[in-house]
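Structure first, commentary second.
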Number of protein chains: 2
Amino acid sequence: MLGIGQLSAETGTKVPTIRYYEDIGLLPEPERTVGNQRRYGQQQVDRLRFIRHCRDMGFPLADVRALLDLSDDPERSCASADTIARHQLQEVERRLASLASLRQELCRMIDQCAGGTVADCRVIESLADHAHCIADRHTTPAPTEQHVEPTRRDPA
Amino acid sequence: MLGIGQLSAETGTKVPTIRYYEDIGLLPEPERTVGNQRRYGQQQVDRLRFIRHCRDMGFPLADVRALLDLSDDPERSCASADTIARHQLQEVERRLASLASLRQELCRMIDQCAGGTVADCRVIESLADHAHCIADRHTTPAPTEQHVEPTRRDPA
DNA sequence: CCTTGAACCTCTAGTTACTGGAGATCCCAT
DNA sequence: ATGGGATCTCCAGTAACTAGAGGTTCAAGG
Ligand SMILES: [Zn+2]
Ligand SMILES: [Zn+2]
Ligand SMILES: [Zn+2]
Ligand SMILES: [Zn+2]
């Protein structure tokens, strides 16, 4: 049986995050010691690994929840799991397209600026007027994810 | 002079968002009618357009704020504007790379599943164990943005 | 057996960039 | 004068965590 800190180390998940997953019902309430501390078994380790892997692949928690439900009973058809994955793929492709076009605009913007004062800056000018852009509109990537510095992950 | 609803229509920004930008100091407090309603002039329209365009290009509000400050005095050197833009470009490229690798994993995952029960599903299996992945780790895109359905933008 | 210090507990609040609603007020046209 | 849409302020909620305060528990050393 592992304490929460060991589970954290084992899965590369921060301790408050584990408790958060428990709060929202992604992880079942674990056993407790007499002194009220959480104790986890292998099942929980696997479940948390599954969750983290899904998150790293960009699935939103709602999808992770659905995938966990599915994986909890192996007799069911996997059709909906595949559907979720295909949706996620589409989402990733949407973001890729939008980022690619964004990259182009940013490059143009930066290339055109020769330096000097703000009055002559092509970057500022381009930002002020979308008419300078190639794309007729920019679609927001709409990520639905986290906002954390990349100071994570250190798997066992 | 425009009312807030007209400014909203003019710039494709929702009314509460305009008030939010005012709250956080991105838009200056506008004039008011005797009845306390906001009235905007062309300057404000331009400023809000600038903000929205920056946001659509993926700049975080902190950067938008810095860019606005710069564009407010045209005599300064544009070096820091260019630096912000180059940072943003790097960020976009980072996300592109990470999404491309994600796309690959998702494709593999989906291709390998022949359908059937969850017990045999390659999607579930791949999610359960990162060892099935090609990439040695997935880097989170770390977006710092919004979470909204794409029900926006309808420029004048 | 007792002490110490790291790990753990609960609870609250903050992050980003907005969005939505309640309940009250205003503006304008008929 | 009146009706209805636009606007006002304030508060709460979204995603997915993260951080901190203030108090307990565990395990090892003496
Ligand atoms: Zn420049
Ligand atoms: Zn543009
Ligand atoms: Zn399958
Ligand atoms: Zn993986």
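Letters A, B, ... are given to chains in the order of the sequence lines, protein chains preceding strands, and every chain is numbered from 1. Treat the numbers as computed from the prediction; the structure is a model and nothing was measured.
The side chain of A:Arg19 has C:dT10 as its nearest neighbour among C:dT10, D:dT18, C:dA17.
Listed by chain and residue number, nothing satisfies the side-chain hydrogen bond (donor to acceptor under 3.5 Å, both in side chains) test with B:Gln6 (two or more places apart in sequence, or in another chain). B:Glu93 meets the salt bridge (Lys or Arg N to Asp or Glu O under 4.0 Å) test with A:Arg103; sequence neighbours excluded. Residues passing the side-chain hydrogen bond (donor to acceptor under 3.5 Å, both in side chains) test with B:Tyr40: none are found, sequence neighbours excluded.
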Could you list all N or O pairs between the protein and nucleotides 27-30 of chain C that sit under 3.5 Å apart?
{"residue": "C:dC27", "atom": "OP1", "partner": "B:Thr33", "partner atom": "OG1", "Å": "3.0"}
{"residue": "C:dC27", "atom": "OP1", "partner": "B:Gly35", "partner atom": "N", "Å": "2.8"}

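In the displayed structure, B:Gln43 atom CD is contacted under 6.0 Å by at most 12 heavy atoms of other residues, nucleotides or ligands.
Residue pairs meeting the salt bridge (Lys or Arg N to Asp or Glu O under 4.0 Å) criterion with at least one member in residues 25-45 of chain B, sequence neighbours excluded: B:Glu22-B:Arg32, B:Glu22-B:Arg38. Within the structure, salt bridge (Lys or Arg N to Asp or Glu O under 4.0 Å) contacts touching residues 74-83 of chain B (residues at least two apart or in different chains) are B:Asp73-B:Arg76. The list of ring-ring contact (aromatic ring centres under 6.0 Å, His included) pairs with a residue in residues 107-136 of chain A, not counting sequence neighbours, reads A:His130-A:His138, A:His130-B:His53. Contacts classified as side-chain hydrogen bond (donor to acceptor under 3.5 Å, both in side chains) and involving residues 59-72 of chain B (residues at least two apart or in different chains) are given here: B:Arg47-B:Asp72.
Overall bending of the helix from C:dC1-D:dG30 to C:dT30-D:dA1, expressed as the angle between end axes built from five pairs apiece, is 20° (10° steps).
Proximity of A:Thr17 to the phosphate of D:dA16: no side-chain N or O atom is located under 4.0 Å from OP1 or OP2. Side-chain nitrogen and oxygen atoms of A:Tyr21 include at least one within less than 4.0 Å of the OP1 or OP2 phosphate oxygen of D:dC17. Dashed line: the shortest gap from a side-chain N or O of A:Arg32 to OP1 or OP2 of C:dT10 is under 4.0 Å.
Atom pair B:Asp56:CG and C:dA17:P shows a separation of 13 Å (rounding to whole Å applied). The distance from atom OH of B:Tyr20 to atom P of C:dT15 is 10 Å, rounded to the nearest whole Å. For the pair B:Ile4 CD1 and D:dT7 C1', the interatomic distance rounds to 8 Å; values are reported in whole Å.
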